[in-house]
Structure formats: C-alpha cells, structure tokens
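First the proteins, then the strands, lettered A, B, ... as listed; each starts at 1.
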2 protein chains.
Amino acid sequence: MTALEARIASGELANNKPLPPERDLMEEFGTSRTVVREAISALANRGLIELRPRFRPVVRRPDYGTLLNATGTIVRYLLNEPGGVQNLYQSRVFIERGLVRDAALNATKENISDLKAALLANEKALDNSEEFFRTDIAFHGVLYRIGSNPIFPAMHEGFTAWLSPNWARMTRSDDHNRSVYLDHKAIYDAILERDPARAEDALVAHLSAAWKYVEETF
Amino acid sequence: MTALEARIASGELANNKPLPPERDLMEEFGTSRTVVREAISALANRGLIELRPRFRPVVRRPDYGTLLNATGTIVRYLLNEPGGVQNLYQSRVFIERGLVRDAALNATKENISDLKAALLANEKALDNSEEFFRTDIAFHGVLYRIGSNPIFPAMHEGFTAWLSPNWARMTRSDDHNRSVYLDHKAIYDAILERDPARAEDALVAHLSAAWKYVEETF
DNA sequence: AATTCGACTTGGTCGAACCAAAACGAATTA
DNA sequence: TAATTCGTTTTGGTTCGACCAAGTCGAATT
C-alpha cells in the first residue's frame, strides 16, 4: 500500500526511528501481515527504510547516497551491455572537464588549498600502490566538492563505485603512479594559474591515458 | 533470495518474457510462495521486472529509462529538501554548459541541422504555449543527443521530469515564449559559428533567466 | 473462421502457526 | 548503588493452506 509511504513521507514517522511492529501496522491499516511486509520491503527497496535482518526497520530520510544504492544494481547491468563502461567513462570525463574549467575560473583559496593537500597526499603515497589509489580518487573528489552542490560528490561516488572495479585489477606500478601524479600536478597548476583551457586539456590527457591504460591491460 | 536475480541476470529468463508462475518457482527453489513473492517484488522495485497487477510479471532488461523510474521516487524526496530544486537545476546548467561548448566545437552538420529543425519548431509554436513548452524541451534534448552517449538523453529526461513540475504551473505568455525563442536562437547561432564561449554564455543567460522567472512567479 | 463461454491458471490477500534472534526487565552479583 | 546475568516477551523471517477475482486458454457454438 502507498498509505504507508504517505505516513513516512509526511514525517509522521520520524527519521532514524524504528518502524512500529508489523503486527501493529496490520491492525492499524486493517490488513494482513503479508501486505504489511510487502509494503515494507517495497519501501526498503526504494531506500526509504533501512532493513537489517532481525532488527526493527528504521526510517531513513533518503539522501544522495541512498540514491546511489538504489541505482547501483541497475547500473551494473547497464555496464555489462556493450559500450556501457565506455559510456559511463565518457560521462565522467565530460563532468570533470566542466569541473576543472570551473575550478580554474572560480576556485576559492580554500578550494585550491584543498586541492594542494590532495596533491601532496598523492606524492606521499607514490610508493604505496594501494594508498595511492585512494589518494588518487580523493584528488578527483576535491574537484567534485568545489561547487558546494551535494549532487556532485554523489556523482563522484557513483563513478568511483561503478568504474573502479575495472581499474582495481590492473597492476599499478610505481612508474604508473608517478605519471598519474604528474598529471594531477599539471591539472593543479593550470587551475592555480586560472587557465581553464589548459586545465581541461590536462584533465582530458590524464583521463584518456588512464582509459588507454585500462584498455591495453584489459 | 538473490538466486532468482541470478537466473534473470544470466539471461536464462529471456527478455520481455513472462516469469514462470510463482507456484512453479516456489517448487523449483524449494521455498514458500511468500519468499518467492518478496523476491519478485524486490526485483520489480529494482526495475528488473515489470509488474502489472493480476498479470504475469515480465522480465525487463533494464535500460537508462528504467533507471530513471527507479530513481524517480527518491529524487522527489530530495527535491523537497531545502535547496533541492536549485541543486538539481544547477547541475542541469552545468551539464548543458558543457554540452553547448562541445556542440560549438564538435557538432556535425547533421547535429546542426537537427538543432535548426528544433529551433524552427520553436518558432512555429510561438503562439501556442503548450506546444511551445514541448518544443522548448525538445530543443534542449537535441543538445543531449549530440554526443551519441545514451546516458545523456537519459539525464535530459530526468531533468525535464523532475524540474518541469516547477515550471509547468507558471503562466507562459507569448512574450515569454518569444524571449525563450530568441535565447535558443542565440545559442544556435553561437554553435553555428563555432564559438564555444559565446554558446556557453548564451546558455547560461537563458537558463538563469528561466530560473529567475520561476523564482519570481513562485 | 470467428465468437462465445466455461474451466483452469495464477496473482493478490488472508490467517494461523512456528522459530530464532532481539529487546526488555527482573533478579543476581560485585 | 551500579553493573551483570538470565529468563520472558516481543518481533521479524518463514512456512503452510486456503480463498477470491481476474487473466488465460481451449472447446463448443455460431
């Protein structure tokens, strides 16, 4: 029933609070436990309810993260279609091209210092492939956070969650890490000098190289 | 159970074909009908199955459209949060800025003729507000189709589906339509002349005006 | 050959029951 | 008094059997 959803949407059931017991709900709505359970599982699948086995369902006000969870399974299917990964990667490049342009034009001092910190973390982790992988992602993450629009960090999470499986299995040599670091540095420098065109070029070069690298290594 | 999902994912159940009856499935998996139903409804909520009341469930290979459906309900919640609409609109502006830049740089002759056709449709519908609204959306849609990446048209559908409710209720005078048309023409002209900066400026001006217009009319 | 009608199939709902784990409270202990 | 322990109750997870109404399909009729 959508009646249950309405009660959650209306905030009648507070956020992060457990749902009433199924047996109460069935009495309240004058329906059987079967339908109550189905309604609950439906809402759970939509992300409005968090459902830990054996625990009381918890009302969750959906955020952009829950949106990712909900889409995740479908996206995985789409990635298996021919060209799926490439399409998603293209979208990522498109987004980040815009991000670095904007960064070059509008980044605040604080944004730039964040970026610099991320770059430094890259450098520090040059000899630790696993750590470098994380700082690599974090560097790009800074770009998504510049605009203060919560949708973008969510997109970043999506890209990393859905694309990194294709990256993870490839061996990351120290040489490779070094070239990634230099790419990042080039992007940073261009942003620092307020040169959107160069920033965009550096980013495209960076991501194209990464794509080629993955293509070769399968 | 995730076992059912595996059978669908593996293509064992063909696309667009009805699912086996619940009673068969419960026998096949050695479980009760309740569990089967829950599994089915779970898959339905994920978009892998289309579920018409009283009809046999139909296996649906998910596409970018089903992804929108799945996210739709959650997005609506997010839009109700303070700043939700603005964040989404900002994202749209960000995307389209990139799109018009790319269009100015890379649009093929065919792309441009599509755009011209859409623009002409705008002009023809100037005195028909309802029709103009549709051609307005269609014009922007052309931009999303230029890159031949199926993700972008899906994004366009998302933007229009989620944002247009805020637009629909406002009255669209002929004057307003005319100014929208002129904006579109300015964007088109800039693309035609391969001037990405001007195209981007024209688009930003266009969408900013639209936003202001909505803000004023509530 | 097309239509009609009736029996069978099948999804939707219900109720009762059982199990295991969580939640709760009382009794015990330090 | 405060913390721990332990047994009872609550509650989600699952199963079974049953019924209804709408869809499906085939046989009989026109």
Side-chain angles (χ1 to χ4, degrees), chain A residues 1-62 65-66 69-70 72-74 77, chain B residues 1-62 65-66 69-70 72-74 77:
Chain A
M1 285 291 184
T2 58
L4 225 184
E5 180 178 355
R7 290 197 40 187
I8 294 186
S10 73
E12 185 176 336
L13 288 322
N15 189 19
N16 281 20
K17 283 301 164 193
L19 219 60
E22 296 178 353
R23 288 170 174 85
D24 288 7
L25 289 176
M26 70 180 259
E27 186 180 349
E28 180 172 345
F29 287 104
T31 162
S32 75
R33 198 145 86 94
T34 311
V35 269
V36 171
R37 298 201 97 252
E38 263 187 34
I40 288 178
S41 89
L43 295 187
N45 284 319
R46 287 199 220 162
L48 277 67
I49 285 179
E50 191 166 314
L51 209 52
R52 264 182 20 231
R54 290 283 163 195
F55 280 74
R56 295 275 287 278
V58 175
V59 178
R60 301 280 289 173
R61 171 134 28 5
T66 62
N69 276 349
T73 56
I74 302 182
Y77 281 91
Chain B
M1 287 293 181
T2 59
L4 224 185
E5 180 178 355
R7 291 198 39 186
I8 294 186
S10 72
E12 186 177 336
L13 287 322
N15 189 18
N16 282 22
K17 284 301 165 193
L19 220 59
E22 297 179 352
R23 288 169 174 83
D24 288 7
L25 289 176
M26 69 181 260
E27 185 180 348
E28 181 172 344
F29 287 104
T31 159
S32 75
R33 196 155 149 244
T34 310
V35 186
V36 172
R37 299 200 97 251
E38 268 191 26
I40 288 179
S41 89
L43 295 187
N45 285 320
R46 288 200 220 161
L48 277 66
I49 285 178
E50 191 166 312
L51 208 53
R52 261 174 33 222
R54 291 281 165 197
F55 280 74
R56 296 275 287 277
V58 175
V59 177
R60 301 277 291 173
R61 169 121 45 0
T66 63
N69 277 348
T73 56
I74 302 183
Y77 281 90

Hey, does R56(A) have a side-chain heavy atom less than 4.5 Å from the side chain of P21(A)?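 Result yes, sub-4.5 Å side-chain heavy-atom pair found.
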To the nearest angstrom, how far is [X] atom [atom1] from [N] atom [atom2]?
| X | N | atom1 | atom2 | value |
| --- | --- | --- | --- | --- |
| F29(A) | dC14(C) | CZ | P | 13 Å |
| E22(B) | dG12(C) | CD | P | 6 Å |
| L43(A) | dG12(D) | CG | P | 14 Å |
| L19(B) | dG12(C) | CG | C1' | 16 Å |
| R56(A) | dA23(C) | CZ | C1' | 9 Å |
| I40(A) | dG13(D) | CD1 | P | 8 Å |
| L25(B) | dT9(C) | CG | P | 17 Å |

Within the sub-3.5 Å range, which N or O atoms of nucleotides 15-17 of chain C have a protein N or O partner, and how far apart are they?
unit_1  : atom_1 : unit_2 : atom_2 : d
dA17(C) : N6     : R33(A) : NH2    : 3.4

Test for a donor-acceptor pair under 3.5 Å between the base of dG23(D) and the side chain of R54(B), counting only N and O atoms.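 Answer is no: no donor-acceptor pair is held.
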So which heavy atom on I40(A) is nearest to which on I49(A), and how close?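 Taking every non-hydrogen atom into account, O-CD1, 4.4 Å.
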Where is the tightest heavy-atom contact between A44(A) and L51(A), given as atom of each residue plus distance?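 Shortest heavy-atom separation between A44(A) and L51(A) comes out as CB-CD2, 3.8 Å.
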Starting from the first five and the last five pairs of the helix from dA1(C)-dT30(D) to dA30(C)-dT1(D), work out the angle between the resulting helix axes, to 10 degrees.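 It works out to 10° between the end axes.
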Holding to side chain to side chain contact (heavy atoms under 4.5 Å, CB included), I want the full list of residues that pass it with T34(B), two or more places apart in sequence or in another chain.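 If we apply the side chain to side chain contact (heavy atoms under 4.5 Å, CB included) test to T34(B), skipping adjacent residues, the hits are S32(B).
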So, using side chain to side chain contact (heavy atoms under 4.5 Å, CB included) as the criterion, who are the partners of P62(A) when residues are at least two apart?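 Listed in chain order: T66(A), I74(B), Y77(B).
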Of G30(A) and R52(A), whose closest DNA chain C nucleotide lies nearer the 5' terminus?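 Upstream on the strand: G30(A).
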Just to verify, what does E50(B) make a side chain to side chain donor-acceptor pair (under 3.5 Å) with, not counting sequence neighbours?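 For E50(B) the side chain to side chain donor-acceptor pair (under 3.5 Å) partners, ignoring immediate neighbours, are R60(B).
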What's the closest nucleotide to the side chain of F55(B) if the choices are dT15(D), dG12(D), dT24(D)?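 Of the candidates, dT24(D) comes closest.
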Strictly by salt bridge (charged side-chain N to carboxylate O under 4.0 Å, His left out), give each pair with a member in residues 32-45 of chain A just once, sequence neighbours left out.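 Non-adjacent pairs meeting salt bridge (charged side-chain N to carboxylate O under 4.0 Å, His left out): E22(A)-R33(A), E22(A)-R37(A), R37(A)-E38(B), E38(A)-R37(B).
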